[in-house]
Amino acid sequence: MLRLYDTASERAHELVPSSGVLGLYVCGPTVYGPPHVGHGRLALVFDVLRRYLEHRGETVRHVSNVTDVDDKIIDRSRAEGRPWQAIAEEAEAAWWSAMSDLSVLRPHEVPHATSYVEGMVELVEDLLGRGAAYRAPDGVYLSVAAVDGYGLLAHQDLEALRAGERVHAEAGKRSPLDFALWKAAKAGEPSWPAPFGAGRPGWHTECVVMSLALLGEAFSLHGGGYDLRFPHHENERAQAVALGRPFARHWVHSGLVEVGGQKMSKSLGNYLTLADLVERADPRAYRLLVLRAKYRSPLEVTPELLGEAGRAVERLDELAGRLATARPAAADPDPGGPGERSATTAADALAARFQSAMDDDLDTAGAVAALFDGVREANRLLDAADPAGAVAVGGRALECFSAVGLATSDPFSQAPDEAVQALARRRDAARAARDWAAADAARAEIEALGWRVEDSPSGTRLRR
RNA sequence: GGCGGCGUGGCCGAGUGGUUUAGGCAAGGGCCUGCAAAGCCCUGUACCCGGGUUCGAUUCCCGGCGCCGCCUCCA
């Protein structure tokens, strides 16, 4: 079974299902602008986790929220003179479009903060009733001092956190670390009625309400980007603790994307949006780039690296094409014979290597390394005229890639238009006549039209 | 200042106390090919510096240097 590193306990352990279901809650986007590659990595990492668990036969319930009311959305609405809902809707549409481009499966549930305000109001009332929260002129705050073990995810105690120079006291707070559960209504801002005064929810409140509502108490895993570890997840946990409700059993954080060793972020201006990425690279290249690294390590992402990974993806497609051609010949004349048995054994060994790597804290880098070994072996078998063995081993490798969301396809199956096909026929004829000059001229013309020429026993093959 | 992490061969990026290599891409040589492409084979004295532990450390411990993240919104 899969063992995963848990940020809270700082060790790897197995995911624990609740009533037979693995509930995954992953903090999704605040919809105020175009998603960038960093957001994409988060989505890919948890998509890979979800796909792999399902591949392993687990029942998974994947929930990921959309924060559609927030300071940044309001700021932008003000700056652009447009309704805040319009900003959110537009940004959310861009998000799902990017997710679809990346082949990220849609989570089973996509709760929106604005749909759960009522629940958040109840939660705040509950916390006030328990004396864990207090009212201030500008809203309601949670008193961090009332929470046992505050700082668990940050791995620092209250004193150490207080010592942080960058924590400043704000208007109504009793302690600098206290955080807003509810922000009092201001003119021109969205607000909802509440017994403790109209206003809007603080960021940390929604995830508590939505995760518990959709997954129940003691759900399996709570995930997000590494930068959400503190204060966001710490503060979510603080609320659950103050409520006395069992919360996430496992905390998982995906590593940040870097450029030149620095975090990709808007303020540094070093970000690549997912829309740009899709335009200039094969989205599968990004998935492969993510898979080649440890999910919780920082990862360098540049157009050059995407291009490089793209060439590796092409190699996978190339194999898919070779296997498609080999399949008819692979029908074993002796089913169950020694040849087939050894091919199956090799394929099983490959899948076992893949699985044991994945089970080891989602070691996708090790898993991918194993699969590329399988790719090379399959190509070797094809060169050695063993189509059955190649199909068994190579097919299994590509299936495993597909299990983590990296689909391959026969690059030769796409039929070029008639003009290009005519050139290919002309080239084959010239080659048959040993007229190399004419053959090379035809090839040059084909390439000028954007197709690549490869020779095969059956003549010219074309791919993009 | 506190906490956490990183420093691996041209680049990205795993991993491990020592027997056989992560893997990808790039580079060089070879096989195949009319040539090329694709594929395969081979090659490059990799583990920041200084101590320590050890029969043996890239891998553990201590110190140093450099870099990064979080401590404020952030995937």
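Letters A, B, ... are given to chains in the order of the sequence lines, protein chains preceding strands, and every chain is numbered from 1. Values in this document were obtained by computation on a predicted structure and should not be read as measured data.
In this structure, A:D363 reaches the sugar-phosphate backbone alone: every heavy-atom distance under 4.0 Å involves primed, P, OP1 or OP2 atoms, never a base. Nucleic acid contact class of A:V257 (heavy atoms, under 4.0 Å, all strands): base. Contacts of A:L299 with the nucleic acid, taken as non-hydrogen atoms under 4.0 Å apart, involve only primed sugar atoms and P, OP1 or OP2. At a threshold of 4.0 angstrom between heavy atoms, the contacts of A:G224 are confined to the sugar-phosphate backbone, with no base atom among them. As judged by a 4.0 angstrom heavy-atom cut-off over every strand, A:H36 is placed among the base-contacting residues. At the heavy-atom level, A:R353 lies nowhere under 4.0 Å from the strands shown.
Between A:S297 and B:A14 there is a side-chain N or O to OP1 or OP2 distance below 4.0 Å.
Between B:C12 and B:A27, the two C1' atoms lie 15 Å apart (nearest whole Å). Nucleotides B:A46 and B:A57 place their C1' atoms 15 Å apart, quoted to the nearest Å. Nucleotides B:U21 and B:C42 have their C1' atoms positioned 13 Å apart, rounded to a whole Å. On the C1' atoms, B:G28 is 12 Å away from B:G10, given to the nearest whole Å. The separation of B:A22 from B:G63, taken at their P atoms, amounts to 31 Å, rounded to a whole angstrom. On the C1' atoms, B:G7 is 12 Å away from B:U58, given to the nearest whole Å.
Across all strands shown, the partner of B:G1 is B:C71, judged by Watson-Crick or G-U wobble contacts whose two distances both fall under 3.5 Å.
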Might you list the N or O atoms of the protein lying below 3.5 Å from N or O atoms in nucleotides 66-69 of chain B, with each pair's distance?
unit_1, atom_1, unit_2, atom_2, d
B:C68, OP1, A:Q262, NE2, 3.4
B:C68, O2', A:E258, OE2, 3.2

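A:N65 and A:E206 share a side-chain donor-acceptor pair at under 3.5 Å. Side-chain contact of A:Y134 with A:D178: a donor-acceptor pair under 3.5 Å is present, judged by distance alone.
Against RNA chain B, the stretch residues 148-157 of chain A makes heavy-atom approaches under 4.0 Å through A:A154, A:H155, A:Q156. Contacts between residues 311-327 of chain A and RNA chain B, defined by a heavy-atom separation below 4.0 Å, involve A:R311, A:A312, A:R315, A:E318, A:R322, listed by number. For RNA chain B, the residues of residues 432-440 of chain A within the heavy-atom distance limit of 4.0 Å (strictly under) are A:W436, A:D440, sorted by number. Near-neighbour residues of RNA chain B inside residues 276-296 of chain A, defined by a heavy atom below 4.0 Å, number-ordered: A:R292, A:A293, A:K294.
Seen from the ring of A:W96, A:R106 counts as a face-on cation partner, given the 6.0 Å and 45° thresholds.
Contact of A:R380 with B:C41 (side chain to base): no donor-acceptor pair of N or O atoms is detected under 3.5 Å. A:D455 contributes a side-chain N or O that forms a donor-acceptor pair with the base of B:A36 under 3.5 Å.
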Can you list, pair by pair, the side-chain donor-acceptor contacts under 3.5 Å of residues 347-357 of chain A, counting residues two or more places apart and other chains?
unit_1, atom_1, unit_2, atom_2, d
A:D348, OD1, A:R396, NH1, 3.1
A:D348, OD1, A:R396, NH2, 2.7
A:R353, NH1, A:D373, OD2, 3.1
A:R353, NH2, A:D373, OD2, 3.1
A:S356, OG, A:R353, O, 3.4

